[in-house]
Amino acid sequence: MKTFKHFINGDFVSSSSGRQFENRCPVDGSLIGMVHEAGQAEVDAAVQAARAALDGPWGQMTQAQRIELLNKVADRINERFEEFLEAECRDTGKPRSLASHIDIPRGAANFKAFSETLANHPTESFKLDTPDGAGALNYGVRKPKGVIAVISPWNLPLLLMTWKVGPALACGNTVVVKPSEETPATTTLLGEVMQECGVPAGVYNVVHGFGPDSAGEFLTSHQEIDAITFTGETRTGEIIMQAAAVGLRDISMECGGKNPGIVFADCDMDKAIEGTMRSVFANCGQVCLGTERVYVERPIFDEFVKRLAETAAGLKLGRPEDPDANFGPLVSLEHRDKVLSYYRLAVEEGARVVLGGGVPDMGAELNEGAWIEPTIWTGLSDDARVVNEEIFGPCCHIRPFDREEEVIELANSTDYGLACAIWTENSARAVRVAEQMETGLVWVNSWFLRDLRTAFGGAKQSGIGREGGVHSLEFYTELKNVCIKL
Ligand code: NAD
Ligand code: 6OD
């Protein structure tokens, strides 16, 4: 059985309180190990270590030296690929085929991409005319923001944590990470990689625990934290924003979604089915960008519903290591209870269950796991809770529409604004509709196609701020203007 300790000031340490909690595998409910729960003492130690590294070795390094170390970290993750893959799949239950293409390679790439962006991004400069004719020169300098708290979720644990840690460190900050209590493994393993690569002690720290009255709250309310970057539920984001308001600390919020998919009759049906399969069911529906509302133009509605249901019925549920499996369990029994409550609610709200709607019989060994059926509904009204609340499971509601303006209004009629997928072969329509979507991200004839140089983030209640490319530099640095009178 494994033990997950905190990683503070370059060492793995236990909780002084002795408090630990269980980490269970959602595939079969087996115990993976025990996780140390940080109290105020561990959080204080981690923040102090991060501050000392910022003022000491890390702060004194040149940008080129820091980038060289971060490239080493990326390479080392790739060398230890199998261990990261194993750890991620055990914590989440996701298929190895998925994690080996997305989670782990992206976990490594996040260290290289932002180092490259930083190295190649100029700062601004303006020459100012002055009455004496001599002028003045203004130029911008980027300074690290300081000690950054990184609060990450469980759905893509390594990818979403390094998506923040990569740019934060590239910009010269130090970090204290609180991974989700559900998925402590890869964040802990990254501590070993930091040690091996010679990243100075205190640059990367990890504290384990929960949110309220635990590591999450202690960290986000800590006054020595200079900025907080958070990915998770909108409700949690609101609580963290209140903590950040004390001391006026900066925040980046990547929160929930209730993302629409819009399928026009002029789409390439094969592409639309393949893309919607991924956007609804990938990672067992636990992707913030995932589609939970599908709007299909009436002439192709019946065919689309039939084909999506037939294809989804062919999803192969199985253990992560099963090479044929492309559908794993939900992350935990607790999360399954939440998703199942929506499966019941859909029926109460009058849905026609086209596919699924329950718990599959996986056989004796796996029935203790958090397995759930891929599910498709039609027939709900636009004000149904199932159509408006984020479920974060492998399910969608499909509704017909008749006019472009109608579907734009339907798609936008939500408090969220993260992502949208549009399926059409008419490029003028694609551009027109994309422009009117009240979301931070729009994909046309694709989904979750990522270019790390682009802005990533949500509108409305899906988030505040943008990360990715130069936008991450904006958040992770303080831009200082120097004005020299000539
Ligand atoms: P969550 O909000 O429950 O937890 C996220 C993190 O916040 C965890 O580490 C948790 O321990 C911590 N936390 C909880 N309460 C806290 C508190 N009071 N103070 C400090 N920390 C606290 O989210 P989750 O269930 O882990 O993840 C799923 C959610 O994340 C979904 O809503 C999904 O849409 C969203 N998400 C958004 C994005 C995005 O990029 N916009 C990406 C992935 C997931
Ligand atoms: O690809 C990314 O950079 C990213 N932040 C993905 C988020 C996925 C949400 O579940």
Side-chain angles (χ1 to χ4, degrees), residues 21 35 37-38 43 92 102-103 105-107 109-110 113-114 149-164 166-167 177-184 187 206-222 225 228-244 251-259 279 282-283 285-290 292 330-332 334-335 338-339 389-393 416-419 439-441 447-469 471-472:
F21 58 94
V35 189
E37 184 184 354
V43 172
T92 59
I102 297 187
D103 302 61
R106 261 298 300 286
N110 283 337
F114 291 103
V150 176
I151 309 285
S152 50
W154 45 256
N155 62 325
L156 298 156
L158 183 71
L159 186 158
L160 288 175
M161 181 266 295
T162 56
W163 163 249
K164 294 169 180 303
V177 182
K178 209 248 6 116
S180 168
E181 53 275 29
E182 304 285 357
T183 52
T187 307
V206 179
V207 289
H208 292 294
F210 303 87
D213 201 25
S214 184
E217 183 181 329
F218 302 149
L219 183 59
T220 50
S221 58
H222 202 294
I225 289 292
I228 303 167
T229 175
F230 166 75
T231 300
E233 284 187 24
T234 299
R235 177 74 197 113
T236 313
E238 289 172 350
I239 295 169
I240 291 177
M241 279 182 74
Q242 288 172 2
I251 45 152
S252 170
M253 295 274 142
E254 299 191 334
C255 301
K258 187 73 182 177
N259 309 303
S279 76
N283 207 34
Q286 303 164 117
V287 182
C288 61
L289 312 161
E292 290 192 357
L330 290 168
V331 75
S332 64
E334 189 188 0
H335 186 53
K338 176 187 159 184
V339 176
E389 296 175 15
E390 183 187 48
I391 300 171
F392 221 53
Y416 291 109
L418 187 53
T439 55
L441 303 157
W447 175 77
F448 205 174
L449 179 58
R450 296 282 291 116
D451 179 335
L452 302 188
R453 296 167 299 184
T454 60
F456 184 99
K460 302 199 263 185
Q461 291 186 20
S462 287
I464 296 181
R466 294 291 179 269
E467 297 194 35
H471 309 281
S472 290

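One-based numbering along the sequence shown. In listed order, ligands and their atoms are each counted from 1. For the numbers below, each heavy atom of this structure counts, side chains included, while hydrogens, waters and symmetry mates do not.
Assignment of P212 to the shell around ligand 1 is supported, since a heavy atom sits closer than 4.0 Å. Assignment of S214 to the shell around ligand 1 is not supported, since no heavy atom sits closer than 4.0 Å.
Residues passing the side chain to side chain donor-acceptor pair (under 3.5 Å) test with T183: none are found, sequence neighbours excluded.
Close N/O approach between K178 and ligand 1 is found [any backbone or side-chain N/O within under 3.5 Å]. Of the polar atoms of Q286, none of the N or O atoms is found under 3.5 Å from an N or O of ligand 2, judged by distance alone.
Listed by number with element, the atoms of ligand 2 under 4.0 Å from a non-hydrogen atom of L160 are 4 (C), 5 (N), 6 (C), 7 (C). Against a heavy-atom cut-off of under 4.0 Å, R450 is close to the following atoms of ligand 2: 1 (O), 2 (C), 3 (O). Which parts of ligand 2 touch L156 is read off a 4.0 Å heavy-atom cut-off, strictly below it: atoms 8 (C), 9 (C), 10 (O). Each of the following atoms of ligand 1 lies closer than 4.0 Å to a heavy atom of C288: 34 (O), 36 (N), 37 (C), 38 (C), 39 (C), 40 (O), 41 (N), 42 (C), 43 (C), 44 (C). Taking a cut-off of under 4.0 Å to the non-hydrogen atoms of R106, the atoms of ligand 2 that pass are 1 (O), 2 (C), 3 (O). Below 4.0 Å from some heavy atom of P153 lie the following atoms of ligand 1, by number and element: 26 (O), 27 (O).
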Donor-acceptor list for residues 235-244 side chains, cut-off 3.5 Å, not counting sequence neighbours:
residue	atom	partner	partner atom	Å
R235	NH1	E238	OE1	2.9

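With a 4.0 Å heavy-atom cut-off, ligand 2 is reached by the side chain of N155 but not by its N, CA, C or O.
The nearest protein atom to atom 9 (C) of ligand 2, hydrogens excluded, is given as C288 SG, 2.3 Å; this is a heavy-atom distance.
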